[in-house]
Structures are given as structure tokens and as C-alpha cells.
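Letters go in sequence order (proteins before strands), and every chain restarts at 1. These numbers come from the heavy atoms of this one structure, side chains and all, not from hydrogens, waters or symmetry mates.
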Number of protein chains: 2
Amino acid sequence: MGTRKRVCAFLFSNPGLYQHSIAKLRLINGVDYSSSRRQFSVVNGEAIRGKQTTEQLYKHVDGLSTGAEVTAVKDQLDPFSLVSDEISPLTDRLRSMVVTEVPKLASAAGYFFKKGVEGKRFRPTVLLLMATALNMPVSMPSVDRLSPTGVIDNLETELRRRQQCIAEITEMIHVASLLHDDVLDDADTRRGVSSLNSLMGNKLAVLAGNFLLSRAFVVLASLENDEIVSLIAEVVEHLITGETMQMTTTSEQRLNMQYYMEKTYYKTASLISNSCKAISLLTEQTAETSTLAYDYGKHLGLAYQLIDDVLDFTGTSASLGKSSLSDIRHGIITAPLLFAIEEFPQLGEVLQRGFDNPADIDLALDYLGRSQGIQRAKDLALKHARLAVKAIDSLPENDDEDVRQSRQALVDLTKIVIKRTK
Amino acid sequence: MGTRKRVCAFLFSNPGLYQHSIAKLRLINGVDYSSSRRQFSVVNGEAIRGKQTTEQLYKHVDGLSTGAEVTAVKDQLDPFSLVSDEISPLTDRLRSMVVTEVPKLASAAGYFFKKGVEGKRFRPTVLLLMATALNMPVSMPSVDRLSPTGVIDNLETELRRRQQCIAEITEMIHVASLLHDDVLDDADTRRGVSSLNSLMGNKLAVLAGNFLLSRAFVVLASLENDEIVSLIAEVVEHLITGETMQMTTTSEQRLNMQYYMEKTYYKTASLISNSCKAISLLTEQTAETSTLAYDYGKHLGLAYQLIDDVLDFTGTSASLGKSSLSDIRHGIITAPLLFAIEEFPQLGEVLQRGFDNPADIDLALDYLGRSQGIQRAKDLALKHARLAVKAIDSLPENDDEDVRQSRQALVDLTKIVIKRTK
């Protein structure tokens, strides 16, 4: 049997695979087929993306050697691959959004959108998965029910486009906050460099961050949803509040777990939780559903940051992409140390001294190593990851395969967050 | 005749004066009365403000010596006094808007709203005057025409409140840009100060500026007018663009008049021109009227900045509130020098060298002194002031005294801008 026939036979005997893409077809000549209702990609040196019909599939298969064999390899669902088709044009749109006529502003604002620097697009991925996870029938006014299917399709496309906008806005705000955080970092790490350069760096980082924020608000305004504009404007305030809280702690606040969690919410969890809520608000689901979407984002964000704080102690410089121990070196006390103080109150005194004496860092790490601090911080992260899963499990039941798959992906993301080592 | 009777007789024989406050009643015992339909102020050591009835007026007059004489002194309208009643609660609202739970953020964000530091509130004054200047009958749907007068009054109050919001938003954005400009200045002037402090200063200035921007967008969202949200978001981009243009000029651009004017529009004129437009958009006047409002703001802003640039050379340190020659010392070449280059091309070479050698500043000033640069910059400012006046004169005719008075005040503001010496 030729390759085409075998692929064909395999697909017809496994329609679910073809329809819903939770498996990978592997041909023994090394060519992989990944299929979904939305996309069919042939990776054979070049990637072919987008919706493809069975006929188009055959065309590609016809070019293969007849010795190829077809087997199904059960593959763990990769949450990122589920929306990768949308993330790519989304990233392109982000790049085109930061174009301005002032060259240095464009290059500063576009820095984190450049190829190779753009990261995993974690937030857009979460938000697009959430969009599908909430893609449930909404009670529409009767006039809409009578509309022809085409109109409903257009409405769905329009809704998806608006949800993508939320993902773009979220990423712009995230990058703006990175740029503004750099104002601090630049000044710290570039000391000794000619002051004009570091000055230009700071100023440009501020301007580029502001530029991204204002672009984000321009896009936000285009959604014409005032509740969401308010929500996102408050998120920006939260980011600022969290950063200021971290920067201006009193010595008491520095060792206070509640203060730390509040700051962590403002700095890390508010953006993703409220963006998830915005995605839900666009679908006009119930308030309960919006709260569940918010809860998922909040607990995922908190779990993420807790693991980040653990990795600052346990990770290596290479896998973290930044110096380990960078928090403690900057005088920032995170969950592992806060838990350790409960076992060794004398650690609190060491931390209160600041770290003018490098030996104090070693002393603090010694206490930490003898305590359950790292484990308890991990446990707390796990608790929040479970609360995130619980929020997804509490969503109204839905049999649609895409919806179920996206919800599973959101659950899987919590595991990825907990297990990550970088 | 007693003072009360004479004031009374004077007021009744000059009702226009009392009603519309373009005159000042001067009593020979040195007590001044300024009256308007909106307010009546007795300046007698303390100022009494707010709406006052004739009865209230009598009460004050009764306390005066009977030897007082009443004469009318034709007085130039003070544009600021016309809206001072509204500016005061507006300033209070601005102060209450920047309250946050993080003390250092609140004090940084509130710095320019503090008593004594809040300046003349030039922008809110222009915008409130514009609001009244455009307070013309609007064609309403027939259903509204049938509404009882009370509803129309409420609509007018609601419109005014929304226009005040634009004034508040504009002031917040203006102050945010001041704070962010300080990031550059701080780094420049605080050099030598312990780096942590200057770092904290920079970072807090950035955060406080961002905080004001996000608060501005929260208020903006509450207006539920997407056209205005987009307009103001673009203004924020213009401020950033102008600042970046100034910071990243090539040596050719630095000596280019067109580049200078473009930068000046972005940095100074865009905020006031587009806010004037926003005031007009809220009134739902014609597009032509909105363009005239925009034109007024644009030309007023350009005239203001041109005079600012002149004063940087001609003003004294005390009257400017900043060092004279601060532009040229920062390597920023403004209109007077750009005009001077046209007469003395060799000045261009001096300016291109930068000012590493302080003698070059003296050389440049010598060329400037021998040129028509200062006068031509003033002439250009005057040209823009006249274009601003032309925009006001082109507004649809209106007989309402308040409208006429506010338009006259806007015209007078252009004269104040041109004649100012600080």
C-alpha cells in the first residue's frame, strides 16, 4: 500500500485524531504530520500551516516515498502548540503595533518583540486557551437567533479577534513593565558606563514603556468596552503599586508574609487574572464564569511567582537567564526565607541587617538550607496551582472537544508552571 | 448717601457690570469689589468667593465706612478669574484622585498637586473657558426637545462635569510628563548624590508618572467615549514622540526648523490642542467647530513654547524659575538660534560642535545678539497667537454673554502668553 493510501486509511480509521489533533502521525521516513481541525502541518524542512483539506493533505503525502509507514504516537498535549497558529500572527501584529517614525523609540519599544527575544508568549497562550475554554453557547437576543449561520460565524470571528486584542494588550503591558523595571536594573548594572549612555538608556526605557502603555490603551479603546478599559487601567495601577511596595518596604513589611503575597499579587498575578476576566467579559458569560476565569489567572500567577522565588535559590544562572540569588542580593525577601524565619527566628535578625556584609548572605542561605523554607514555598505554589485547576473544573460543563481540550491545556499549564526548572 | 446705597444705586444703574463682571467697583477706602453672575468677591484682607446674591453683597457693604465712594474702573478681564470657582474644586479632585495606599507613591504622584506647587492650572483654565465658549445650542433629537427644562439643566450639568473631567485628565497627563522629564533632570543634577537616592528618585518618578497616566485612563474610561479615549491615548504617544525626537536628534535634525516645530507640536501643543478638541467632541458640535477648538489649542501651544524658548535667552533665572540658557546648555537648539543661523551660517558650525567648550556658548550668544533671531522667534509666536485668535473668531456666532465673555478670555490668553516675561 502506498504512503497516501496508508495515511488515508489511518486517518479514516482514526477520525478523532484528524479532527482533534491530540496525536501525531509519524511516518518512518522521518516526516511528521500533526493535524487538527484548525490546522494541518507538514514539517519536512519547511512548515506548512493553516487550515488544510484532506485533498491538500494528499498532495503532500503523494510526494513521499512509498516506503513510509504510518503509526500513531500518543503525544502529551502541548498547551503552547494548541494556539501556536494564532500566536505567530499575534506576534507579528505586536511588532507592527510598535512601529513609530522615531527610530530609537521604535527599536527600544520593539526590543522584546524581536525574533529570538520574544519569549514563550506565556500570557497570550493562557488567554487564547481561556478564550476557547469559555467558548460556550451564550443566550442571545431572539433577533440574533434568527440570523443566518454566516452572521453567527462572523460574530464568533469578531469575538475571537477581540479576545486576541486582549492578549496583545496584556503582552504590551507586560513588556512595558519589563522596560520600566530595566530603569532600575540599568542604573544598577551599568554603573561605570559613560553616564550619557546610561542616561539615554534609562530615559529611552521609560519612554518606550510609556509608548507601549499608550499603544495598549489605543487598542483597548478600540474594543469599546468601558468595563474592560477600567479593568486594565486598574491592572496598570496594580503593577505600579506592587513595584512601589517592593521598593519602599519598611523593615517590618519586608519580613511579613501577607505583605509579600499582596505585593506578589499586584506585581505578577493581577495582570494575568484580570486579563483572563477580560476574556470572559467579552464572551458575556455569567459573573460566576468571569470570577472563575479570574481565579484561574490569579492562582496560576501566584504559583508562577512562588516557583520563580524558589528557583532564585535553587536554579542555576544558565537555566534562569539571570543570576541566581538575585532577589536576596537586591534585599528582596521572598517566600522561602519568610517560611525559614518561622523555624529560625534568628534568621529574621540577619535579614533585617540588610546584606552590606556578604557573609550575611551565606549565613541566611545556611539557615534556609536547614529549614523547610524551599519545600514550604513549593507546597504553597502547589496549593495555588490546585486552586487554579479547581477554577477550571468549576466551569459550566461543556461537551465541545475544543473547549475540553483547551481546559485540559490550562490544567496542564499549571503542572508546567510547578515543574519548571527555568 | 451711605456706602450701601451708593453701591446699590451704582449696581442698579449699571446692571451689565453686575451681571457680567467686566468692570471692577472701586471704593475709595481701598476695598475692591469684583462681581460676576457666577461670583462676587470682596477683597478686604480675605477673599470671599462663590455665588453671592445682592443681599449677601449688601451685608458686606454695610460694614464699610460711609465715606466710601463708588466709581467704576474699566478693568481688563482676567481669564483665570472667570473659571477660578471651578478650578479650586477641580484641584481638590485631582488631589483626591492621586491617593493610594502606598505612601511614597502617593507623595510622589501628588507632588505637583500640592498647595503652592500646583502652578497656574493653565491647561484646565483654557479647557473650561473653551467649554463655555462652545456652549451653543445643539440640535437634539425631537424626544429630547420635549423634555422638561429640568432634564436639559441636568444634561448641561452632566456635560460640564464631563468637560471638567477632560481638564483633570489633561492636567494629570501634563504632570505625568513633568515627572518623567524629571527622570532625565534628576540623573543630571543629582549626580554625586548617593546613587541609591537618585535611583529611588528616578524609579519613583517613573512609577508616579505611570500611576498618573493609568489614573488618567481610568477617568477617561468613565467618560465612555471611545473617540476621546483614542484621541487622548494618541496625545500620550505624541508627548513620548516629542521627547524622544528631542533626545535623539541627528546633527542635521538639530538645526532643522521644521523638525523643531514638529517636535514642539508633539511635546507642547498636541496635549492642549487635542484636549480642546475633546471638549468640543463632548458638546457634539460640528466637525468644523472641533477643528477650530483644536486649532486654537495648537496655535496657543506653539506660541507658548516659542515665547518659552525666547525667555530661555532673555529671561532672568528668578523670573523663569529655572536657569536661563538651560536649553543651549543641554544642547537643545530652539527657534531664536535657528533663525540666527539664517543670517550667520557660521553659527551653525559652532552649534554643530556641541558645547564641550563653554566659550562656544558665548560665541553662539554673540551671533544671536547680532541677529534678528529673538525678534523673529517672537514674531513667529505672534503669528501663531493671531491664528489662535482667528480660530476663536471663526466659531459660529453666539449672543450669549457667557459664551462671548469666555471667547474674549481665550483671546486675552493669547495676549498673556505673548506678553509674559516668566
Side-chain angles (χ1 to χ4, degrees), chain A residues 100-106 108-109 176-177 180-181 183-184 187-188 191 195 198-200 202-245 247-248 250 266, chain B residues 100-106 108-109 176-177 180-181 183-184 187-188 191 195 198-200 202-245 247-248 250 266:
Chain A
T100 93
E101 283 175 15
V102 187
K104 287 207 178 168
L105 184 58
S177 76
H180 283 174
D181 287 354
V183 175
L184 186 62
D188 192 43
R191 214 167 293 162
S195 62
S198 83
L199 206 65
M200 192 71 113
N202 275 349
K203 186 78 176 168
L204 255 189
V206 172
L207 290 169
N210 289 351
F211 176 75
L212 287 177
L213 281 182
S214 57
R215 279 280 151 111
F217 278 107
V218 170
V219 179
L220 202 51
S222 74
L223 291 179
E224 306 192 357
N225 184 316
D226 301 299
E227 189 179 0
I228 293 179
V229 175
S230 296
L231 196 70
I232 301 297
E234 276 167 28
V235 165
V236 174
E237 281 193 26
H238 285 173
L239 288 168
I240 299 159
T241 302
E243 188 68 25
T244 317
M245 283 177 78
M247 210 175 71
T248 64
T250 63
Y266 285 136
Chain B
T100 96
E101 284 175 17
V102 187
K104 286 206 179 169
L105 184 58
S177 77
H180 283 174
D181 286 355
V183 175
L184 185 61
D188 192 42
R191 212 167 293 160
S195 61
S198 84
L199 206 65
M200 194 68 115
N202 275 348
K203 187 77 176 169
L204 254 189
V206 172
L207 290 168
N210 289 351
F211 175 74
L212 286 177
L213 281 181
S214 57
R215 279 281 152 110
F217 277 107
V218 171
V219 180
L220 201 51
S222 75
L223 292 179
E224 304 192 357
N225 183 317
D226 302 300
E227 189 178 1
I228 293 180
V229 175
S230 297
L231 196 70
I232 301 297
E234 276 166 27
V235 165
V236 175
E237 281 193 26
H238 286 173
L239 287 169
I240 299 158
T241 302
E243 188 67 26
T244 318
M245 282 177 79
M247 209 174 72
T248 64
T250 63
Y266 285 135

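- When each of Arg215(A), Met245(A), Glu227(A) is checked for heavy-atom pairs under 4.5 Å with chain B, Arg215(A) comes out on top.
- Minimum interatomic distance between Ser214(A) and Ile240(B) (heavy atoms only, all atoms of both residues): OG-CD1, 3.9 Å.
- To the nearest 0.5 Å, atoms CG (Leu204(A)) and CD (Glu243(B)) are separated by 10.0 Å.
- The shortest non-hydrogen separation linking Gly209(A) to His180(A) is CA-NE2, 3.4 Å.
- Looking at Thr100(B), there are no atoms closer than 4.5 Å to chain A (heavy atoms on both sides), in backbone or side chain.
- Between chain A and the options Leu213(B), Val235(B), Leu239(B), Leu105(B), heavy-atom pairs under 4.5 Å are most frequent for Leu105(B).
- Of all residues in residues 217-225 of chain A, those placing a non-hydrogen atom less than 4.5 angstrom from a non-hydrogen atom of chain B are Phe217(A), Val218(A), Ala221(A), Glu224(A).
- Listed here is the closest heavy atom pair of Glu237(B) and Phe211(A): OE1-CE1, 3.8 Å.
- Between Met247(B) and Leu207(A) the shortest side-chain heavy-atom distance falls below 4.5 Å.
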